[in-house]
Participant: 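One structure is given below, represented as structure tokens, and several questions about it will come after.
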Amino acid sequence: MSDLMATQAGDPGAFRDFDLSRVSTPAFVVDEKAVERNLTILAEVADRSGAHVLAALKAFSMFALAPLLRQYIGGTCASGLYEARLAREEYGGEVATFCAGYKDSEIDEIIALSDHVIFNSPAQKDRFLARCKSAGKQVGLRINPEHSEGEIAKYDPCAPCSRLGTPISQLTAEALIGVDGLHMHTLCEQGFAPLERTWASIEETLKPHIEHLKWLNFGGGHHITRDDYDREALIAFITGIRAKYDVDIYLEPGEAVALDAGILIGEVLDLPQNGIDLAITDISATCHMPDVIEAPYRPAMMGEVDTGHTYRLGGPSCLAGDVIGDYTTAQPLQIGDRFAFLDQAHYSMVKTNTFNGVALPSILLWNSQTDELRMVKQFGYLDFKERLS
């Protein structure tokens, strides 16, 4: 297990032919045809396996594409009140909500918005069970399989002392009173084999309880739309569990919905030198790609090469650590040059912030088939000001 993610892979796809000068920077550009390609794959997995596939809004909640998502998948999963409200208002279909801790002041609205309400602990489940049942909603309990497959320690929900899920060693019949299904989310950007190993580690423990359940939810982190993902094995796996235990199966892909479907375009503002060549840009790791610092990881840049002219790219904020990474270009950079980071539609868009008053990137939707480009959202000073008192 590592504390550092490798360079995030990215396939530029149709963006190879996109003119970066078409937009003002910084800007996210999402290719709706790439999203549709991913949705087509997810829909095929659902159709062939019988699984319920829900899009994880925590990863990608660009609701301008909600009508497209409705054509292919059965609903969404939310992580709290606001995502559940967005799910019900914009996406429709099934809504499954999980939160590590529900507030009494919000739970009734969450119950009204959700089809499944999934609790992190038996204590939270017991506290709100009667309200869920009186509203006719299904109740879930998140488990911690106590089997780690996470590649990054801080992103591993099964790490020692994790706050997420009820440890499977603590699962009892009493803990499952009133529970319709079990939920687990143990993966992060991973293939099929880690899911298979996780299930193998917990199946015997769950056997006495499954006959009382209606569904199992295997959460997210499944890179189902990646070219090398073993989808045939996943389909056979789900079909086998459904047949063996007569339960519904849910999957909650997030990244897989928008994988390789968006770029973040920036501009070179200055080219100072301090021991190495530096490039100050209008893209901030801190504000626009916080996972670069939190994970940390290095985003792939479109057109980077192995040998050439190397620069350390960073943002305009005052944070000394607002550094994106070292990148090599075929030609020397010039002030005003445009560049793009790959695979930025998921997580980056939902985690942006306005620290230092740094401008939020605009959001644009592109159709790589027709070349239609439209502005979805532009941000300005009031978006910064109105978050403050």
Side-chain angles (χ1 to χ4, degrees), residues 1 42 45-54 56 74 77 94 96 98 100 116-122 124-125 138-151 155-224 226 229-254 256:
M1 186 173 292
L42 294 172
V45 169
D47 290 343
R48 292 180 56 198
S49 70
H52 300 252
V53 175
L54 308 179
C77 58
E94 288 188 272
F98 164 80
H116 292 184
V117 182
I118 301 167
F119 295 96
N120 194 55
S121 70
Q124 276 252 306
K125 181 264 297 182
Q138 293 198 29
V139 170
L141 179 68
R142 178 167 176 168
I143 61 170
N144 174 352
E146 298 179 279
H147 171 88
S148 287
E149 290 283 351
E151 297 173 354
Y155 287 165
D156 180 10
C158 298
C161 305
S162 171
R163 76 188 202 288
L164 295 173
T166 299
I168 195 167
S169 60
Q170 299 177 20
L171 200 62
T172 63
E174 182 180 7
L176 292 176
I177 292 173
V179 171
D180 298 292
L182 294 177
H183 175 281
M184 67 178 193
H185 183 152
T186 63
L187 307 183
C188 179
E189 301 180 10
Q190 289 171 288
F192 169 70
L195 172 62
E196 185 178 39
R197 291 192 295 266
T198 300
W199 176 249
S201 76
I202 64 174
E203 183 178 9
E204 288 301 316
T205 303
L206 292 183
K207 271 184 179 179
H209 306 296
I210 294 180
E211 64 182 81
H212 305 295
L213 301 175
K214 297 177 181 177
W215 47 266
L216 296 171
N217 186 326
F218 291 125
H222 317 280
H223 258 196
I224 299 169
R226 201 172 66 200
Y229 189 96
D230 192 348
R231 290 187 283 272
E232 292 299 324
L234 176 66
I235 291 167
F237 172 77
I238 293 170
T239 303
I241 293 176
R242 291 181 62 236
K244 184 175 182 179
Y245 294 110
D246 191 26
V247 291
D248 287 334
I249 300 296
Y250 284 80
L251 299 174
E252 298 178 338

Participant: Within a strict 4.5 Å, meaning less than it, do heavy atoms of the Leu206 and Ile168 side chains meet?
Facilitator: yes
Participant: Which pair of heavy atoms, one from Thr186 and one from Cys158, lies closest together, and at what distance?
Facilitator: CG2-SG, 3.6 Å
Participant: With sequence neighbours left out, what residues match Glu196 under salt bridge (Lys or Arg N to Asp or Glu O under 4.0 Å)?
Facilitator: none
Participant: Using side chain to side chain contact (heavy atoms under 4.5 Å, CB included), reason through Met184 and Leu195 one step at a time and then give a plain yes or no.
Facilitator: CA-CA 10 Å; Met184 67 178 193; Leu195 172 62; 4.1 Å; yes
Participant: Indicate yes or no: at least one non-hydrogen side-chain atom of Val45 is less than 4.5 angstrom from one of Tyr229.
Facilitator: no
Participant: Identify the two heavy atoms, one from Val247 and one from Leu213, that lie closest to each other, and give their separation to 0.1 Å.
Facilitator: CG1-O, 3.6 Å
Participant: Quick one, Phe98 and Glu252 - any side-chain contact, counting heavy atoms below 4.5 Å?
Facilitator: no
Participant: Should Leu171 and Thr205 be marked as a side chain to side chain contact (heavy atoms under 4.5 Å, CB included) after you check the CA-CA gap, both sets of side-chain angles, and the distance that decides it?
Facilitator: CA-CA 9 Å; Leu171 200 62; Thr205 303; 5.7 Å; no
Participant: Measuring from Ile202:CD1 to Leu182:CG, what's the distance to the nearest 0.5 Å?
Facilitator: 8.5 Å
Participant: Side chain to side chain contact (heavy atoms under 4.5 Å, CB included), that's the test. Do Leu251 and His222 meet it? Break it down for me.
Facilitator: CA-CA 8 Å; Leu251 299 174; His222 317 280; 4.0 Å; yes
Participant: Phe237 vs Trp199 aromatic rings, parallel, tilted or perpendicular, using cut-offs 30° and 60°?
Facilitator: perpendicular
Participant: Does any N or O in the side chain of Arg242 come within less than 3.5 Å of the main-chain N or O of Ile249, such that one atom is a donor and the other an acceptor?
Facilitator: no
Participant: Output yes when a side-chain donor or acceptor of Glu146 lies under 3.5 Å from a complementary backbone atom of Ser169, and no otherwise.
Facilitator: yes
Participant: If you compare all heavy atoms of Glu203 against all heavy atoms of Tyr245, which two are closest, and at what distance to 0.1 Å?
Facilitator: OE2-OH, 2.6 Å
Participant: Not counting sequence neighbours, which residues clear side-chain hydrogen bond (donor to acceptor under 3.5 Å, both in side chains) with Glu211? List them please.
Facilitator: none
Participant: Who pairs with Arg231 by salt bridge (Lys or Arg N to Asp or Glu O under 4.0 Å), at least two apart in sequence or on another chain?
Facilitator: none
Participant: If you look at every heavy atom in Gln190 and Arg226, which pair is closest and at what distance?
Facilitator: C-NH2, 4.5 Å
Participant: Going by side-chain hydrogen bond (donor to acceptor under 3.5 Å, both in side chains), name the residues that satisfy it together with Thr172, two or more places apart in sequence or in a different chain.
Facilitator: none
Participant: List the steps and the verdict of side chain to side chain donor-acceptor pair (under 3.5 Å) for Asn144 and Ser162.
Facilitator: CA-CA 8 Å; Asn144 174 352; Ser162 171; 4.5 Å; no
Participant: Which pair of non-hydrogen atoms, one from Ile224 and one from Ala256, has the smallest distance, and what is that distance?
Facilitator: N-CB, 4.0 Å
Participant: Nearest 0.5 Å, what's the CG-OG1 distance between Leu187 and Thr198?
Facilitator: 5.5 Å
Participant: Mind listing the closest non-hydrogen atom pair of Ser121 and Thr166 along with its distance?
Facilitator: CA-OG1, 3.6 Å
Participant: Restricting to ring pair (Phe, Tyr, Trp, His ring centres under 6.0 Å), what partner residues turn up for His52, sequence neighbours left out?
Facilitator: Tyr250
Participant: Can you name the residues that form a salt bridge (Lys or Arg N to Asp or Glu O under 4.0 Å) with Arg163, not counting sequence neighbours?
Facilitator: none
Participant: When you look at Arg142 and Phe119, which way does the side chain to side chain contact (heavy atoms under 4.5 Å, CB included) test go after all the steps?
Facilitator: CA-CA 6 Å; Arg142 178 167 176 168; Phe119 295 96; over 6 Å; no
